[in-house]
Amino acid sequence: MPYALDRANDKDLLGQTPSLAEMTGKAIELLNKNPQGFALQVEGGKVDWAAHANDAGALIYDQIAFDEAIRTAVDFAEKDGETLVVITTDHGNANPGLFYGSKADDHFDRIQTFRHTNEWILREVNNSTTAPALIDKIEFAQGYAITSEESKQVLAHYRSLGGESLYNPRNLPYKELAQIQARYTAVGWGSMDHSADYVELAMLGPGSELLPCFVKNFQLHNLMLDAAGLSR
Ligand SMILES: [Zn+2]
């Protein structure tokens, strides 16, 4: 699936791919035909990839797409009355935050007018891209003009391409662009890896009263069995 932000601004992708909420609705419709009930897992999986890439626009719009999928599930559960909805994540990642002083609000607001993700920008850049062309591309995709020096910093990476990593198979300069982008969006990052933070966990519906204030993630398995009245 494309990132939600890239999909929203590309007519072809909009026609060719469903949103996470649309897939959630269809899955519920089909599974709900089973008289014995069902378990469905919906993952906003690209939020994790966006965090690994320190890609603020990708992360926020995919998180919103996940939020819309939650609404679809909750709307069904409230009508149904017999469905437990569990909303959580398996880990934190990269710890984005708002930084950089008095203009932080205005800079952060820029993300509202983004058309495309950092990945969309970087995957179309190559060894022959010029500094002015990259500046134009970022301005088109995200509405701000980086400096010539910053553009050259990003492009330098393409001259030394090599190697690859699990979360960055095309070896794109995610980190370099994110560090420059922080000056324009006020979004800074702690890392490009999973974090050891506590994460949010919310439940609603029958069985949600079993949820303690804090729980280890592997204990959720038994908690869900208990909520469903299944033996373990
Ligand atoms: Zn991950």
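These numbers were taken from a predicted model, which means no experiment stands behind them. Positions are given from 1 along the sequence. All ligand and atom numbering here is 1-based and tracks the order in the structure. What's counted below: heavy atoms across the whole structure, side chains too, no hydrogens, waters or symmetry copies.
D48 contributes atom OD2 as its closest N/O/S atom to the Zn ion (ligand 1). Of all N/O/S atoms in H194, NE2 sits nearest the Zn ion (ligand 1).
T24 places a side-chain N or O within donor-acceptor distance of the main-chain N or O of L20, the cut-off being under 3.5 Å.
Annotation: F214 is in aromatic contact with Y198 [ring centroid separation under 6.0 Å].
Residue contacts to the Zn ion (ligand 1): H52 brings an N, O or S atom closer than 2.8 Å.
Salt-bridge annotation for E22 and R7: present, with a side-chain N of the basic residue lying under 4.0 Å from a carboxylate O of the acidic one.
None of Q142, R115, K137 except one satisfies the side-chain contact (heavy atoms from CB on, under 4.5 Å) rule with W120; the exception is K137.
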